[in-house]
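None of the values given here were measured: they were computed from a predicted structure. Below, chain A is the first sequence line, B the second, and so on; all start at residue 1.
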Amino acid sequence: MDYIKLANLLYPDAKDASYWEEKYKQRNLKEGAEVVRIAPSPTGYLHIGNFFGAMVDYEIAKTTGGVFYLRLEDTDKKREIDGADFVAVNSLNTFGIAPIEGSTPSGVEVGNYGPYRQSNRLEIYKSYAKKLVSEGKAFPCFCEKAGDVNEVYERREKELQNQETISEKDVCRNLSYDEICQKLKQGKKFALRLKSNGKEGDKVFGYDLCRGKMEFPANCKDIVLMKDNGIPPYAFAHVVDDYLMKTTIVVRGSDWLSTWPQHLEIYNALGLKPLNYVHTPLICKLGENGNKRKISKRYDPEADMRYYLEMGIPTVAVCEYVLNLANSNFEIWRAKNPDLDFREFEFNPKKIGVSSPLFDMNKLLDISKNIISKMTALEVYNNVLNWAEQFDNDFAIYLKNNKEFATKVFNIDRESKKPRKDLEMFSQAKQVFSYAFSNFLKDMNLDDYEIEKENFEKVKEVLTNYKQVVNCLDDKETWFNKIKEQASKLGYAVDNKEYKENPQNFKGNTATFCEFVRVAITGRKNSPDLYTIISILGQEETINRLEKLEKLL
RNA sequence: GGUCCCGUGGUCAAGUGGUUAAGACACCGCCCUUUCACGGCGGUAUCAUGGGUUCGAAUCCCGUCGGGAUCACCA
């Protein structure tokens with residue numbers, strides 16, 4: 001068989017591969033600088049697993065002084081979602097770890113190694129496909145392709161039941177030149193397949209930065225390099241792209257581990273040295289059967305990065321959580337450096353774990369509430385407003401019209417060394433500060449107050465007395481003295497030790513007295529400093545709230 | 001079923017032949033406290049399992065079990 005003749009038949013107008021080699025020069029980077037990429041598909045959202053990879057990319061590029069670029073892998077026309085091209089890059093942008101090269105939100109591409117969208121690189125793939133054909137390493141296949149995904153699953157199920165091996169050489173690999181000509185003349189479309197050299201028992205090695213040298217059985221399948229629509233699947237496209245874009249480390253999820261031998265054979269066929277890879281652990285959740293499983297968009301809202309925005313979790317918190325998953329010594333560093341930006345952490349790709357972690361919302365929210373507790377009241381205001389503008393318009397309008405008041409509320413117990421940590425996410429603001437942001441006097445019914453029935457009488461007595469002396473203009477000491485005075489008068493212990501020794505002698509202690517007042521003012525037993533709340537509410541509102549509950553009882 | 005990966009407390013994990021097996025989150029208890037918090041202190045581990053190597057194993061070797069990923073002209 002004259003392979004060059006075949007190559008010209010199949011790809012008459014393809015440029016020679018050397019054209020591209022010439023065009024894309026080596027990057028001018030200092031020694032040790034790594035070139036990494038994120039390669040999302042336009043599926044309409046950014047998956048947390050991809051985000052994890054992007055974080056690793058970002059950190060590697062940062063710590064080595066390298067390049068982090070984005071390449072859009074839009075070769076699957078069936079899965080593509082309209083307008084989704086920039087979802088991933090936009091997400092990375094809002095989370096603060098955007099790539100510096102490749103596709104950008106504006107649609108303009110930055111960098112000298114483009115196009116950065118695979119559908120615009122078909123000419124390039126064609127060159128390398130032609131090269132492989134001309135060397136007898138690839139052949140056209142005219143077989144009918146499988147149908148949709150479900151059909152593939154069904155077929156696979158059957159094969160597994162019958163314990164068939166799936167690694168047969170393709171029937172078209174021995175077609176003669178004339179046979180190929182004939183089929184082309186009939187107008188038949190062809191897919192290009194790799195003529196696999198793999199034999200049963202062959203071994204192949206890959207180098208993973210975290211896992212070290214790994215051994216696999218060599219690929220034996222004549223995998224597809226070009227689909228019959230002229231577009232390459234991932235396996236071929238990424239090898240060509242990463243080579244021409246001068247990538248040095250491929251970061252991807254460990255769900256790619258088992259197809260690695262295929263990729264290694266493609267490198268080999270192309271005469272290229274395989275790149276270093278990092279296979280990141282898969283973020284998991286507990287399924288209904290109690291087993292771990294890969295987190296997925298279909299069942300888990302947390303898989304979609306937009307979820308965290310909707311919840312109003314600070315983007316930095318999400319970054320820190322994911323970073324901690326990638327390098328678990330991050331939180332030790334964080335404890336030592338509470339005020340540094342997470343980007344100053346020294347990341348080590350070798351420390352990326354190999355076992356798949358369970359997603360832990362508790363942990364994320366802990367990080368989140370600590371971050372929020374360190375913000376100024378104005379920062380909290382701006383963040384809550386920003387959240388509300390997207391997800392709660394009424395609340396946004398309210399916040400805009402009451403900026404001064406809202407900021408004061410957010411400032412309660414904030415400017416101390418030990419600020420409260422009530423807010424885990426901005427979406428909780430309305431509920432956490434309900435005593436300030438709801439129409440309290442109108443909305444509250446007796447059932448809404450946190451009081452036990454047996455205390456009704458005592459509460460009423462406290463309110464009746466306290467409303468006569470409360471003055472929201474008092475300084476804190478005077479205010480508290482009045483509390484103690486009233487408490488003492490009504491039979492509440494002012495001295496806590498005394499109360500503990502003989503609780504039966506008192507109706508309660510100052511704390512109990514305060515609790516009753518607090519419930520009237522806020523509806524809850526749990527709220528920040530009462531004095532501050534009363535000062536913010538003002539005299540009239542304070543009295544009204546005391547009287548309202550008094551009347552209800 | 002084949003292949004590959006993984007197995008330290010509820011979760012994330014440090015730990016690579018000798019440790020009282022770190023730390024964080026969650027949970028529980030106590031202390032501080034005008035409530036709520038914040039903070040402080042404390043609590044819970046036969047390191048999946050069986051065998052082997054060794055004076056000594058979470059750590060090395062083998063088996064078993066368990067879990068995961070993957071097996072498309074999807075990425």
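Contacts of A:Thr75 with the nucleic acid, taken as non-hydrogen atoms under 4.0 Å apart, involve only primed sugar atoms and P, OP1 or OP2. Using a 4.0 Å heavy-atom cutoff across all strands shown, A:Lys369 reaches sugar-phosphate atoms only and no base atom. Heavy atoms of A:Arg334 sit nowhere under 4.0 angstrom from any nucleic acid atom. At a threshold of 4.0 angstrom between heavy atoms, the contacts of A:Glu73 are confined to the sugar-phosphate backbone, with no base atom among them.
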Can A:Tyr531 and A:Asp474 be said to form a side-chain hydrogen bond (donor to acceptor under 3.5 Å, both in side chains), step by step? CA-CA 9 Å; A:Tyr531 171 75; A:Asp474 285 341; over 6 Å; no
What do the steps show when you test A:Arg117 against A:Asp85 for salt bridge (Lys or Arg N to Asp or Glu O under 4.0 Å), and what is the final call? CA-CA 9 Å; A:Arg117 168 194 286 264; A:Asp85 295 352; 2.9 Å; yes
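The listed nucleotides are B:A69, B:C12, B:C73; the one nearest the side chain of A:Leu282 is B:A69. Ranking B:A75, B:A69, B:U11 by closeness to the A:Asp360 side chain, first place goes to B:U11. The side chain of A:Lys227 lies closest to B:C74, out of B:C5, B:C74, B:U70. Picking from B:A69, B:A75, B:A14 the nucleotide with the shortest atom distance to the side chain of A:Arg293 gives B:A69.
For A:Lys363 against B:A24, a side-chain-to-base donor-acceptor contact under 3.5 Å is present.
Paired with A:Asn370 under the rule side-chain hydrogen bond (donor to acceptor under 3.5 Å, both in side chains), one option of A:Glu320, A:Arg334, A:Lys421 passes, and it is A:Lys421.
Residue order along RNA chain B, read from the 5' end via each residue's closest nucleotide, puts A:Leu358 first among A:Leu358 and A:Ile483.
A side-chain donor-acceptor contact under 3.5 Å links A:Asp241 and A:Tyr125.
The distance between atom CG of A:Asp202 and atom C1' of B:C4, rounded to the nearest whole Å, is 17 Å.
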